[in-house]
Amino acid sequence: MYSPQRRDFISVTLGSQAGRNYDNSKTWRRQSCWRKWKQLSRLQRSLIAFLFVFMVFCGIAAYPNLSEHWQADEGREGQLKQVKPVVVPALDVLSPKAPSISQPQKLKRPNVNKRGPPFLQNRLSKKEKEETKIRKEENEAEAIPDDKDKEQNNMISWHGMEIAPGSVTVALPNSKQEKKPMSHEKVNAKETATVNEQQKAVIEAFQHAWKGYKQYAWGHDELKPISKTYSEWFGLGLTLIDALDTMWILGLKQEFEEARKWVINELNLGKSVDVNLFETTIRILGGLLSVYNLTGDQVFLDKASELGDRLMPAFNTPSKIPYSDVNIGRGTAHPPRWTSDSTVAEVTSIQLEFRELSRLTKKEKYQAAVDDVMKRIHRLGGKKDGLVPMFINTNSGQFTHLGVYTFGARADSYYEYLLKQWIQGGRREADLLEDYLQAIEGVKKNLIRKSEPNKLTFVGELSHNQFSPKMDHLVCFLPGTLALGAHHGLSADHMELAKELIETCYQMYAQIETGLSPEIVHFNLSPHNAKDVEVKPADRHNLLRPETVESLFYMYRFTRDKKYQDWGWEIFQNFNKYTRVDTGGYTSINNVRSSENPEPRDKMESFFLGETLKYFFLLFSDEFNLISLDKYIFNTEAHILPIWTT
Ligand code: DMJ
């Protein structure tokens, strides 16, 4: 409340003004000010005069800084006005140098709004501080984006969630850079993005496949599109989970939401069922981790964490080399009935996922288990120039069936995961790199040949020193992996080999009647034969596999040579021509050599949605930061995991 005295003062003042006709004229204001000035004491007038002079002085001193600041602001505004808004919904990633109009508002969102585990957010902000420090020390000429650029790289999805951090890789290696901690950049996603005609065709294909799955196989492992039913492998909704991150990337909001609800309400990881450790890890654990990393939605990390725990009994073996099978409900594990061997590719292609699970949960046990497998294999005898046999015994921990070497089934992703673990871990784990480099020298020395008459470079197999010109379609992951290694600073020779091999993989489609590759080809080594590629009757099937499309994606990203997109488009059209089922879904086929009757097998593998269509979508994109290969790696099932920065 006011005191009575104060109230009087106010009422007198107001009363004198209220009694006037207030016209706000300059004359009235001038007269009133002058009268007030004269009413002041000499001391009051001197004080006011002094303050006035002081303020004028300060104003003159501050002028140069202010004017710079204003000029800078004007410049930024000018820049923002030039950016065109984008129109088509799909998740996309901005180039660090291409801010959108909406971004500055997003920057103001406080950190607390970030979804994702609190420890991750804390680490991020610490990391950002460290980076600022490191950046200040770095030479400006390294052209690292400034903090504003970094902030503009926050990734916002169409759910309004900020995407959990990726990390950064690096400008490529000189030894000085190798030793520095890698800086962390967040990535920005537009809520909308341009999607070109080819990408739209991929979205349509996905929706067609999803339509069949939803109608006839919802919540089951695989769609049988011809018989309009499903098949069960583990009973864990394999296709649905494999497809989650693809839907996210393609911007299929409604489908994603429905699938997410199924994961929350229906996915039962406690059921008593024997699952294959490798397949469950790459498809389900990898799928859950990927979509968690893209969305920051805790539900996916919780499920991943539960699954990780349920898979851990597989490592309870005398050698610590895991069994192939685990009952996730009962917590028991065992090898296949007929042997105590595990497949080398299987026990060495679960590492990216278990390591990432440790990072996210801060529980070391997952990473410790899989790192132990790699260490043992690193030390093991029985390799040939870095090439590994296909089997390893879970009791002795030794390789078995020595003398047979392939880059195809049962060994393939061992090589892929050597490189990708090295990249995932920030390119520090020297043993992984050493094993990878040795293996690539080993493949060059022992398995690479050229076919006749067209001199296609291919990767054959070795069985007890006998060379076989047999190449699985699975081997077509290799050009992509070689290119990825070269991008991360390994020898330029790797890129040259990658270019030769991707040409061969493309020819495995182009030289076949349906334009689709068989599962296995035999290359011709005789100068008297007319054709490079031969297909045995038992190998004529096509399972909608991704490897060639995967490698085309890497090759296009790194070379920007449009021919890789063109080859991919041809293959995509042939999938549509020969494997699309009218009532929904796509089917694997038995005979790629018959365009008249390719013989549908009535099965849509989960990797068609998880991998093949995802790689097509990314291949056709010219947004080179859409899932940047400097920030993410793909697991062997095309699930997206961040490259670590610490
Ligand atoms: C997928 O499950 C994975 O890509 C795996 O590495 C190999 N087989 C299929 C795809 O062909």
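This one's a predicted model, so the numbers in the text were calculated from it and none came from an experiment. Indexing begins at 1, ligand by ligand and atom by atom, following the structure's order.
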*Taking the six-membered ring for Trp and the single ring otherwise, decide whether the centroids of Tyr366 and Phe315 are under 6.0 Å apart.*
no
*With heavy atoms of Phe607 as the reference, note each atom of ligand 1 found under 4.0 Å away.*
1 (C), 2 (O), 9 (C), 10 (C)
*Test: Lys444 and Glu441 ion pair at under 4.0 Å*: yes
_Centroid separation under 6.0 Å, is that true for the rings of Tyr578 and Tyr586?_
no
*asked:* Please determine whether the number of non-hydrogen atoms from other residues, nucleotides or ligands lying under 6.0 Å from atom NZ of Lys271 exceeds 12.
replied: yes
*Using distance alone, decide if ligand 1 has a nitrogen or oxygen within less than 3.5 Å of any nitrogen or oxygen in Glu611.*
yes
*Between Glu461 and Ser468, is a side chain to side chain donor-acceptor pair (under 3.5 Å) present by the stated rule, with each step listed?*
CA-CA 5 Å; Glu461 297 183 353; Ser468 159; 5.2 Å; no
*Considering the heavy atoms of Leu474, write down every atom of ligand 1 situated less than 4.0 Å from one of them.*
7 (C), 8 (N), 11 (O)
*Assert yes or no for the condition that the ring centre distance of Tyr509 to His473 is strictly below 6.0 Å.*
yes
*Got the closest protein heavy atom to atom 8 (N) of ligand 1, with its distance?*
Arg545 NH1, 3.5 Å
*Of the protein's non-hydrogen atoms, which lies at the shortest distance from atom 2 (O) of ligand 1, and what is that distance?*
Glu637 OE1, 2.5 Å
*Are the aromatic rings of Trp569 and Phe620 close, with centres under 6.0 Å apart?*
yes
*Find all atoms of ligand 1 within a distance of less than 4.0 Å from any non-hydrogen atom belonging to Ile282, and give their numbers and elements.*
2 (O)
*Please write down residue, atom name and distance for the protein heavy atom closest to atom 3 (C) of ligand 1.*
Thr636 O, 3.1 Å
*For ligand 1, indicate whether the residue Glu416 contacts it via side chain, backbone, both or neither (heavy-atom separation under 4.0 Å).*
neither
*Record the part of Ala638 in heavy-atom contact with ligand 1 below 4.0 Å; permitted values are side chain, backbone, both and neither.*
neither
_Contact partition for Arg283 relative to ligand 1, non-hydrogen atoms under 4.0 Å_ = side chain
*Can Arg410 be said to sit on top of Phe391's aromatic six-ring, NZ or CZ under 6.0 Å from centre and within 45° of the ring axis?*
no
*What residue and heavy atom of the protein are closest to atom 10 (C) of ligand 1, and at what distance?*
Glu547 OE2, 3.2 Å
_Heavy atom of Ser413, distance to ligand 1 below 4.0 Å_ = no
*Relative to each other, are the rings of Tyr213 and Trp210 parallel, tilted or perpendicular (30° and 60° limits)?*
tilted
_Asp412 N/O to ligand 1 N/O under 3.5 Å_ = no
